[in-house]
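For reference, the structure is listed below as structure tokens.
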Amino acid sequence: MFKANDLGLRMMVSLALIAALLYLPVPAYSQQNSNIQNLIANGNFQEGFQDFGVGYGWGAFSNGQALVGWNVDTWEKVVPSGQTSAQMIEIKNAQERDRYAGIYQTVPVVAGQQYKLTIKGLIRSTEGDVQISDYGYRLQYGLDYNGGTAWELVAGENWHELPWNEQPLYDPAGGAYRFDTFEATVTAKSDQLTLYLRGWKKWINNGSGIYNIQEVSLVGPAPAGFESSMGQVASVSEAAPPAAEQFIASAAPGQVSENPASGQPDSQTLPPDNPPAVEAPANEPPQTTAPLPVSGQGQDDSINYVVISSIVLLLVLFVGAITATIRRRKLTD
């Protein structure tokens, strides 16, 4: 038979355990995982562009043998509501198959953690239809899990094609373009990750492909000391301008490509295919940039589940002990 002091002792032990669990410090990994941020700098391309037409915080690359260019696109039909600009990449007059031009950015990550990658934009082409171009213009993203900046060294399995189909250059169906969105989950393997985005022109012809990238985000746990994207732009925007075969002037959509004979910039410029830039209305307030909303990754509540489950279990045991004691007392009576 249980004595009264046995019941009191059990109650004291149970209450002590509950109090200890409630005041346990949250483990470091839980605090780290709750620091969810968008790690991409200037991911909506509202924080300005470098002289060679690439958004601050981004670098550029291409493999030549075509007229390629990077520039800010302010045409209202290809810029989402609430934004004033988008990143434009153009590939035209391919002299070889499989011509690429793109942008990239290296960000700090936490090894082993998952991140939600989101890309928004559209593809435009001379043909304006995948059936006519034979899927000749595609957009891909690539990942260097070690933070490298040599796009040619990215393994083939780390390049992924977005399921976006091209639309006409200037006359979209129904008068408005379809803005496409792609999402994927990325698992970091080291403390740095490089994201590449590249336009792909498959065939040899004089057709033009324009790749408008409107927003890019990589949302997940930020490393200790990470700066938000707005502050980060200043520290990562010192990317070197594209090499000779990638250089463009900033006055037109795409300007200069590699001269195959000399490897030097060709003085020929692309005709200004893009419609004139559309300025924002004078009465429209200036756009401000804020971090992209956190999505796909919530707070790390795993520690809370453990604490709550432990408390519930202890309460069940406590109530069970009291019930068993009362029953035994009744039996002895």
Side-chain angles (χ1 to χ4, degrees), residues 32-49 54-60 70 72-73 78-89 102-123 139-145 147 158-164 178-199 211-223 225-237 239 287-300:
Q32 180 186 67
N33 289 356
S34 67
N35 186 20
I36 304 298
Q37 296 190 44
N38 173 28
L39 304 182
I40 295 292
N42 195 17
N44 57 7
F45 303 99
Q46 304 303 290
E47 297 173 31
F49 288 75
V54 176
Y56 283 121
W58 297 85
W70 301 259
V72 52
D73 202 331
V78 299
V79 176
S81 175
Q83 295 185 196
T84 59
S85 57
Q87 175 70 65
M88 186 181 72
I89 304 169
I103 59 175
Y104 69 93
Q105 186 175 138
T106 302
V107 298
V109 290
V110 180
Q113 295 296 320
Q114 289 189 332
Y115 296 83
K116 181 180 179 181
L117 171 65
T118 303
I119 305 168
K120 298 181 180 180
L122 69 152
I123 304 172
L139 188 65
Q140 298 177 311
Y141 77 92
L143 299 169
D144 187 319
Y145 290 96
N158 292 337
W159 287 102
H160 308 277
E161 185 173 315
L162 277 58
W164 295 0
R178 178 189 69 253
F179 293 171
D180 294 316
T181 300
F182 175 85
E183 295 180 346
T185 300
V186 176
T187 302
K189 298 180 181 179
S190 68
D191 60 356
Q192 286 192 317
L193 178 73
T194 300
L195 170 67
Y196 296 89
L197 300 172
R198 70 181 184 185
Y211 308 84
N212 288 112
I213 302 173
Q214 299 162 341
E215 291 186 36
V216 183
S217 64
L218 187 70
V219 176
F226 174 78
E227 298 177 355
S228 65
S229 61
M230 290 184 67
Q232 192 187 16
V233 171
S235 64
V236 300
S237 63
Q287 300 294 326
T288 58
T289 304
L292 291 176
V294 173
S295 61
Q297 294 281 346
Q299 299 285 335
D300 185 355

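Nearest heavy-atom pair across Ala41 and Gln105 is N-OE1, 2.7 Å. The minimum heavy-atom distance linking Thr187 with Gln114 is given by the pair OG1-CG, 3.6 Å. Across every non-hydrogen atom of Arg178 and Leu122, the tightest pair is O-CB, 3.8 Å. Shortest non-hydrogen contact noted between Pro163 and Phe182 is CD-CD1, 3.6 Å. Taking each heavy atom of Pro221 and Gln113 in turn, the nearest pair found is CG-OE1, 3.6 Å. Taking every heavy atom of both residues into account, Phe179 and Pro80 meet most closely at CE1-CA, 3.7 Å.
Judged by the 6.0 Å and 45° rule, Arg198 forms a cation-pi pair with Trp159.
Contact annotation: the side chain of Ile103 approaches that of Ile213 to within less than 4.5 Å [non-hydrogen atoms, C-beta and beyond]. Considering only heavy atoms from C-beta on, Trp164 comes within 4.5 Å of Ile119 through its side chain. Side-chain contact check for Leu195 versus Leu117: some heavy-atom pair is nearer than 4.5 Å. Inter-residue side-chain proximity for Leu162 and Tyr141 is flagged as met; some heavy-atom pair is nearer than 4.5 Å. For the pair His160/Gln140, no side-chain contact is recorded, criterion being any heavy-atom separation below 4.5 Å from C-beta on. Considering only heavy atoms from C-beta on, Tyr211 stays 4.5 Å or farther from Met88 through its side chain. Between Val107 and Phe226 the shortest side-chain heavy-atom distance does not fall below 4.5 Å. You'll find the side chain of Val54 reaches within 4.5 Å of the side chain of Gln87, heavy atoms only.
Although no hydrogens or angles enter the test, the distance criterion places a donor-acceptor pair under 3.5 Å between the side chain of Gln46 and the main chain of Thr84. Listed for the Glu215 side chain is no donor-acceptor partner under 3.5 Å among the backbone atoms of Gly43. Side chain of Thr194 to backbone of Thr106: no donor-acceptor contact under 3.5 angstrom is found. Judged purely by atom type and a 3.5 angstrom limit, Asn42 uses its side chain to pair as donor or acceptor with the backbone of Gly48.
Note that CG of Asp73 is 11.5 Å distant from CD1 of Ile89, once rounded to the nearest 0.5 Å.
Residue Tyr115 forms a side-chain contact (heavy atoms from CB on, under 4.5 Å) with just one option from Leu39, Val219, Asn38, and that option is Leu39.
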Practice prompt. Apply the test side chain to side chain contact (heavy atoms under 4.5 Å, CB included) to residues Lys116 and Leu218: give CA-CA distance (whole Å), side-chain angles for both, the deciding distance (0.1 Å), then the verdict.
Written response: CA-CA 5 Å; Lys116 181 180 179 181; Leu218 187 70; over 6 Å; no
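Using modelled atom types, one finds a donor on one side chain and an acceptor on the other under 3.5 Å when comparing Asn35 with Gln37.
Taking the ring centroids of Phe45 and Tyr56, they lie at or beyond the 6.0 Å cut-off.
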